[in-house]
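Order of appearance sets the numbers: ligands from 1, and atoms from 1 within every ligand. Note: hydrogens, waters and symmetry copies are ignored here, and every other heavy atom, side chains too, is used. The chain is numbered in sequence order, starting from 1.
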Amino acid sequence: MKRAAIRLWTLNKGLLTHGRGLSQGSQYKISEPLHIHQVRDKLREIVGVSTVWRDHVKAMEERKLLHSFLPKSQKVLPPRKMRDSYIEVLLPLGTDPELRDKYVTVQNTVRFGRILEDLDSLGVLVCYMHNRNHSTKMSPLSIVTVLVDKIDMCKHSLSPEQDIKFTGHVSWVGNTSMEVKMKMFQLHNDEKYWPVLDATFVMVARDSENKGPAFVNPLIPENKDEEELFKQGELNKSRRIAFSTSSLLKVAPSSEERNIIHELFLSTLDPKTISFQSRILPPKAVWMEDTKLKSLDICHPQERNVFNRIFGGFLMRKAYELAWATACSFGGSRPYVVTVDDIMFQKPVEVGSLLFLSSQVCFTQDHYIQVRVHSEVSSLDSREHMTTNVFHFTFMSEKEVPLIFPKTYGESMLYLDGQRHFKSMSTPVTLKKDYPVEP
Ligand SMILES: CCCCCC(=O)SCCNC(=O)CCNC(=O)[C@H](O)C(C)(C)COP(=O)(O)OP(=O)(O)OC[C@H]1O[C@@H](n2cnc3c(N)ncnc32)[C@H](O)[C@@H]1OP(=O)(O)O
């Protein structure tokens, strides 16, 4: 492990002069990268939680005392720079066979679900770095993930036998929320780290008991690139508001979208009967309702985060794996994830909940499969279900995939929502054989 860290350090220097990939990070002073295991250890240290479930109530009681350290206004908090939160983390798959086993798939590729977990922990640690307060050992803030805005895969293959490196920093802040940009690189045959993934998350600061909002340190961009990033953060916020305002759960589809749905409907009417009732599938098409897969998990204490709620990364891994299975059984060949989009964590999931995931294909085009996973929870003693998340994944299949047809009005809305998410993909990637990213 030590050897791997030294090797990375040497390579970092190479990267800085090479100037590739670390566009943000390269201007920062780079200290020794953390090992992936240290990320969770550091979070525990910062939050001051117990490592055993039996002590979790006592540990939370102790956190209550940190309330007095919370500022009454954001103005009293010193501004921070992007480099203050910048961190690098090493996932030494190349040198640590035990760790590799946790990440490897049966096809000898990297489990993307595990990467989602790492990104979630890393994003939270980045935010704690931004809000670091040297006068207290433990942080009075509880930082939780509210949104996975975007995860875009680049074209390079993920091998379970080559080291991976993550970088991340805060790129924008509001009053209580922070946008975090993360990148992932993998060591290539040329001994350089190549970019493989870009991610944008939004985290929210809460008080020490995770019951109410808490202010975060302001952020000051230091140069033109950072100003650009910060401006982008503002634009992202406006885009998110616009996207949610035009949600099909709130307003009717546009006239163009209504035409699409009507065309789809007409193409499923049986020409032999003059009826709106008899519907038939066009060739090479599948009814949306026939693409569903469901799963159930019991949320055991083992899957808790440092605030004794269920870890967001675990929820993402479970949703991703179900989505992958859905895309796989629908497309008939192994799918590759290209984009993860707009995962909103609406409500925390309590330890002990039953987690119900329902996944279905909601839009397809050429080789692309858009999958939506709806997540809801109920407690063991209540029958009431509550939606906690909706996940959107875009996969690419090796083969061209069937068209998808909605039957009901509700499914038509899912189709349009899927299409909107598909269209928001920043750069559609082309299918490449050396692009093995699987659950
Ligand atoms: C290992 C450690 C890992 C820990 C990480 C996890 O696992 S966390 C586990 C997974 N995540 C969760 O359980 C979180 C579940 N969700 C929640 O508890 C709640 O939705 C929440 C507290 C995050 C937000 O609640 P509310 O929406 O009522 O709060 P409020 O309206 O005050 O908003 C708080 C801040 O969030 C911003 N905000 C809210 N929704 C947003 C969205 N969709 N996209 C961007 N930003 C959003 C607001 O602008 C505001 O920022 P400004 O104040 O700047 O304007």
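Residue I310 places a heavy atom under 4.0 Å from ligand 1. In this structure, R206 counts as a contact residue of ligand 1, since one of its heavy atoms falls inside 4.0 Å of the ligand.
The N/O atoms of R240, backbone and side chain alike, include none that comes under 3.5 Å of an N/O atom in ligand 1.
You'll find the side chain of H188 stays beyond 4.5 Å of the side chain of Q162, heavy atoms only.
Protein heavy atom at the shortest distance from atom 13 (O) of ligand 1 is P348 CA, 3.3 Å. Nearest protein heavy-atom neighbour of atom 19 (C) of ligand 1: Q346 O, 3.7 Å.
Salt-bridge annotation for K81 and E226: absent, with no side-chain N of the basic residue lying under 4.0 Å from a carboxylate O of the acidic one.
By the criterion of a heavy-atom distance under 4.0 Å, the side chain of N305, and not its backbone, is placed next to ligand 1.
For residues 59-70, every residue pair satisfying the side chain to side chain donor-acceptor pair (under 3.5 Å) rule, not counting sequence neighbours, is listed here: R63-S142, H67-E209.
The option from V204, T176, I343, L147 that lies nearest to atom 52 (P) of ligand 1, judged by heavy atoms, is T176.
In this view, R44 and D41 satisfy the salt bridge (charged side-chain N to carboxylate O under 4.0 Å, His left out) rule, not counting sequence neighbours.
Taking the ring axis of F307 as reference, the NZ or CZ atom of R206 does not stay both within 45° of it and closer than 6.0 Å to the ring centre.
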